[in-house]
Amino acid sequence: MSESAASSEFEDAFHKAAERHERVWVFVAVLMLTLLLAGTMFLVVYAYGVVVRTAGFRRDPAAIEAPEGSIAKTGPNAYTVTIVARLWRWSPSPLRIPKGATVTFRVTSADVLHGFAIQGTTVNVTAVPGITGSVSYTFNRSGTFNIVCNEYCGLEHQGMLGRIVVEGDPA
Ligand code: CUA
């Protein structure tokens, strides 16, 4: 039948065109994904740097020799606290500071890698033996903050907790 021949001719033309469109759009999609991947890698390498920023980390033999953490007052309401991590505790803990205190944490480890993180804050520093990592934080809210270890460090890793008590205004 001429009708079925015409319809099949139309279908052939349609499929040919559709295949062409399909190829074009598959190519466009692959090109977009490639550009996205290359662009992301470029951005990661050149804009952010692949290597973790280490400006806050430095070698400090005194820090590893510190048997326990220490607190030093460095200003009206500023403190420098040396945090020593070891299997499986933090020192000093509990750490008592007044509300509004700006604390510079100098974090190191006496044995293996630990992760020093204070819940509810942006403080998160890896505790590395022989190296001191620094981070500052201002405690504007009184209450108890938990220090957790977020780097697996053995049997009691999950129990490696510390406390920071931020005491309210004396008034
Ligand atoms: Cu210390 Cu996990």
Side-chain angles (χ1 to χ4, degrees), residues 32-171:
M32 284 168 73
L33 284 172
T34 307
L35 287 176
L36 181 71
L37 181 71
T40 305
M41 287 171 74
F42 180 84
L43 203 72
V44 165
V45 173
Y46 290 97
Y48 296 110
V50 201
V51 179
V52 174
R53 287 178 200 283
T54 53
F57 285 87
R58 64 192 178 85
R59 288 185 186 283
D60 186 358
I64 19 172
E65 277 152 28
E68 295 296 330
S70 62
I71 309 169
K73 201 169 195 294
T74 52
N77 203 3
Y79 302 85
T80 294
V81 178
T82 302
I83 297 277
V84 178
R86 54 165 55 79
L87 302 165
W88 286 278
R89 62 196 166 83
W90 299 101
S91 87
S93 174
L95 167 65
R96 289 178 188 281
I97 48 165
K99 187 180 166 187
T102 298
V103 181
T104 300
F105 294 99
R106 298 171 73 253
V107 182
T108 191
S109 169
D111 37 49
V112 299
L113 281 186
H114 298 274
F116 176 76
I118 306 172
Q119 284 182 335
T121 74
T122 51
V123 176
N124 187 351
V125 182
T126 303
V128 186
I131 289 176
T132 303
S134 275
V135 65
S136 290
Y137 188 81
T138 301
F139 292 86
N140 287 320
R141 181 168 61 81
S142 57
T144 300
F145 292 79
N146 292 318
I147 303 171
V148 296
C149 181
N150 63 8
E151 188 87 49
Y152 184 71
C153 58
L155 279 183
E156 293 300 319
H157 157 74
Q158 73 284 350
M160 185 168 167
L161 304 169
R163 267 187 313 140
I164 294 172
V165 181
V166 181
E167 283 154 349
D169 303 314

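Because the structure is predicted, anything quoted here is derived from the model rather than measured. Just so you know, ligand 1 is whichever comes first in the structure, and atom 1 is the first atom listed for that ligand.
Residue Met160 counts as close to atom 1 (Cu) of ligand 1, with an N, O or S atom under 2.8 Å.
Rounded to 10°, the angle formed at atom 1 (Cu) of ligand 1 by SG of Cys149 and ND1 of His114 is 120°.
Between atom 2 (Cu) of ligand 1 and the N, O or S atoms of Glu151, the shortest distance is to O. Minimum-distance N/O/S atom of His157 relative to atom 2 (Cu) of ligand 1: ND1.
Thr126 is listed as a side-chain neighbour of Leu113, based on a closest heavy-atom distance under 4.5 Å.
Asn77 places a side-chain N or O within 3.5 Å of a backbone atom of Lys99 that can act as its donor or acceptor partner. At distances below 3.5 Å, not a single donor-acceptor pair connects side-chain atoms of Thr138 with backbone N or O atoms of Ala101.
Ring pair Phe105/Phe116 is tilted by interplanar angle, where 30° to 60° counts as tilted.
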